[in-house]
Colleague: 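Can you keep this structure in mind? I'll have questions shortly.
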Amino acid sequence: MQTAKSLQTERVTFLTSREHKAALDAFASRRGESVGNVVREATARFLAQPTDTEEAELAALVEQVNAAVPRINASLKQMSKTIRDLRADSDAFYREKGLDL
């Protein structure tokens, strides 16, 4: 990870309550970090989270997949049955011709 000195930086200022600032100071101190680094990490994590729209789209996709899985399973079972039946038919055909494969 790059240090603040090696980054091209911009200043961001935000206002908070005295209690929140004290909590930030205490948290940063326990971690052996600066408040600035704690805030940078927290905002980076926040920005990396999916948006409500992305969450809704993902939920819709999950719903579609969950609905499709039973149909896919039924289709796979039917294909397996068809393959078994075809194999039995072909085995019977070859046996009838005197060929055991």
Colleague: Can you give me every donor-acceptor pair (side chain of residues 22-31, partner residue at least two apart or in another chain, under 3.5 Å) with its distance?
Modeller:
unit_1	atom_1	unit_2	atom_2	d
Asp25	OD1	Lys21	NZ	2.7
Asp25	OD2	Lys21	NZ	3.0
Arg31	NE	Glu33	OE2	3.1
Arg31	NH2	Glu33	OE2	3.0
Arg31	NH2	Glu41	OE1	3.3

Colleague: When rounded to the nearest 0.5 angstrom, what is the spacing between CG in Asp91 and CG in Leu99?
Modeller: 11.5 Å
Colleague: Would you give the length of the straight line joining atom OG1 of Thr51 to atom CG of Leu58, rounded to the nearest 0.5 angstrom?
Modeller: 10.5 Å
Colleague: Ser90 versus Arg95: any side-chain heavy-atom pair under 4.5 Å?
Modeller: no
Colleague: Report whether Val12 and Val39 are members of the same hydrophobic cluster (ILVMFWY, side-chain heavy atoms less than 4.5 Å apart, transitive linking).
Modeller: no
Colleague: If two hydrophobic side chains count as joined below 4.5 Å and joins carry through other members, does Ile72 share a cluster with Val65?
Modeller: no
Colleague: Can you pull out every side-chain hydrogen bond (donor to acceptor under 3.5 Å, both in side chains) where at least one residue sits in residues 57-81? Sequence neighbours excluded, please.
Modeller: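 Sorted pair list: Gln78-Thr82, Lys81-Asp85.
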